[in-house]
Amino acid sequence: QVQLVESGGGSVQAGESLRLSCVASGYTYCMGWFRQAPGKERETVARIHRNSGITRYADSVKGRFTVSQDSAKNMLYLQMNSLQPEDTAMYYCAVRVGSGNCGISSDIEFWGQGTMVTVSS
């Protein structure tokens with residue numbers, strides 16, 4: 001069992017930045033961020049492989065968001081720049097302990113409780 005605690009959400013104006021953080025209670029194979037806007041399905045945002053450091057992003061956030069990790073501290077980060085109203089959603093930290101894909105919702109083994117990001121125009 002891995003527990004995840006997110007922080008860093010909030011309300012900002014369009015064009016501003018936020019940084020989300022997630023701390024895991026144990027080892028993870030990969031870590032990722034998902035988001036779910038009201039009335040929409042949960043979608044992948046970004047993910048990172050623990051050992052290789054390889055990252056992947058949703059097309060909608062490429063060039064604006066950066067995912068990173070501090071493996072020694074089991075920390076995951078999401079730097080979000082140039083935020084837009086369409087980025088408004090609950091953001092979830094998500095991990096796998098075993099090998100798999102942290103970009104696929106059905107592959108996720110543990111979820112955080114979520115942190116809300118609201119972007120106003």
Side-chain angles (χ1 to χ4, degrees):
Q1 188 82 7
V2 175
Q3 295 182 331
L4 304 171
V5 179
E6 303 111 327
S7 60
S11 296
V12 297
Q13 297 288 319
E16 294 183 343
S17 299
L18 279 174
R19 188 192 195 207
L20 305 183
S21 299
C22 172
V23 57
S25 61
Y27 172 85
T28 60
Y29 171 82
C30 61
M31 304 181 77
W33 291 98
F34 286 74
R35 67 184 181 186
Q36 187 167 20
K40 295 188 177 181
E41 292 187 356
R42 191 171 298 188
E43 62 178 2
T44 183
V45 175
R47 64 189 186 271
I48 186 166
H49 182 270
R50 182 188 182 96
N51 291 339
S52 69
I54 292 175
T55 58
R56 294 286 186 270
Y57 296 92
D59 287 343
S60 59
V61 306
K62 281 181 181 176
R64 298 189 299 124
F65 290 11
T66 302
V67 64
S68 61
Q69 64 182 353
D70 183 336
S71 299
K73 298 180 180 179
N74 292 327
M75 292 290 299
L76 176 71
Y77 304 100
L78 186 68
Q79 178 65 43
M80 304 185 293
N81 298 330
S82 301
L83 282 161
Q84 299 301 316
E86 52 266 34
D87 295 316
T88 295
M90 184 72 78
Y91 283 72
Y92 297 91
C93 178
V95 306
R96 281 194 58 88
V97 176
S99 60
N101 191 333
C102 276
I104 299 175
S105 180
S106 58
D107 266 16
I108 296 301
E109 295 176 316
F110 301 102
W111 294 92
Q113 81 286 354
T115 185
M116 188 68 199
V117 172
T118 303
V119 185
S120 56
S121 57

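Side chains of L76 and T28 form no contact here, defined as non-hydrogen atoms less than 4.5 Å apart. Proximity of Y91 to M80: side-chain heavy atoms (C-beta onward) are separated by under 4.5 Å at one or more points. R47 places a side-chain heavy atom less than 4.5 Å from the side chain of N101.
When all heavy atoms of D59 and K62 are compared, the closest pair comes out as OD1-NZ, 3.1 Å. The two residues S120 and P85 make their nearest non-hydrogen contact at C-CG, 4.4 Å. When every heavy atom of D87 is checked against every heavy atom of R64, the shortest pair comes out as OD2-NH1, 2.7 Å. Of all heavy-atom pairs between A24 and M31, the closest is CB-CE, 4.1 Å. The two atoms that bring Q1 and S25 nearest to each other are O-OG, 4.1 Å, heavy atoms only. Across all their heavy atoms, T44 and A58 have their closest contact at O-CB, 3.5 Å.
The hydrophobic cluster containing V97 also contains L4, counting ILVMFWY residues as joined when their side-chain heavy atoms lie under 4.5 angstrom apart, directly or transitively. Grouping the Ile, Leu, Val, Met, Phe, Trp and Tyr side chains by contacts below 4.5 angstrom, directly or via other members, places I48 apart from F34. One hydrophobic cluster, built from ILVMFWY side chains closer than 4.5 Å, cannot hold both V67 and I108; they sit in different ones. Cluster membership check: F110 shares its hydrophobic cluster with L78, using side-chain heavy-atom separations under 4.5 Å among Ile, Leu, Val, Met, Phe, Trp and Tyr.
Heavy atoms from other residues, nucleotides or ligands lying under 6.0 Å from CD of Q13 number more than 12. Within a 6.0 Å radius of CD in Q3, no more than 12 heavy atoms belonging to other residues, nucleotides or ligands are found.
The distance from atom CD1 of I54 to atom SG of C30, rounded to the nearest 0.5 Å, is 11.5 Å. Rounding to the nearest 0.5 Å gives a distance of 11.5 Å between OH of Y77 and SG of C93. In this structure, CE on M116 lies 13.0 Å from CD on E6, to the nearest 0.5 angstrom. Atom OG of residue S82 and atom CD of residue E16 lie 11.0 Å apart, to the nearest 0.5 angstrom. The CG atom of L18 sits 8.5 Å away from the CD atom of Q79 when rounded to the nearest 0.5 Å. In this structure, OG in S21 is found 10.5 Å from NZ in K73, a value given to the nearest 0.5 Å.
Taking the six-membered ring for Trp and thresholds of 30 and 60 degrees, Y92 and W111 have ring planes more than 60 degrees apart, a perpendicular arrangement.
Without hydrogens or angle criteria, R35 side chain to V45 main chain gives no donor-acceptor distance under 3.5 Å. Formation of a donor-acceptor pair under 3.5 Å by the Q69 side chain with backbone atoms of R50 is found in this model. Remark: the backbone N or O of G63 is not paired with any side-chain donor or acceptor of Y57 at under 3.5 angstrom. Using modelled atom types, one side-chain atom of T88 and one backbone atom of V119 make a donor-acceptor pair closer than 3.5 Å.
Listed by chain and number, the residues in a side-chain contact (heavy atoms from CB on, under 4.5 Å) with V23 are V5, M75 (sequence neighbours excluded).
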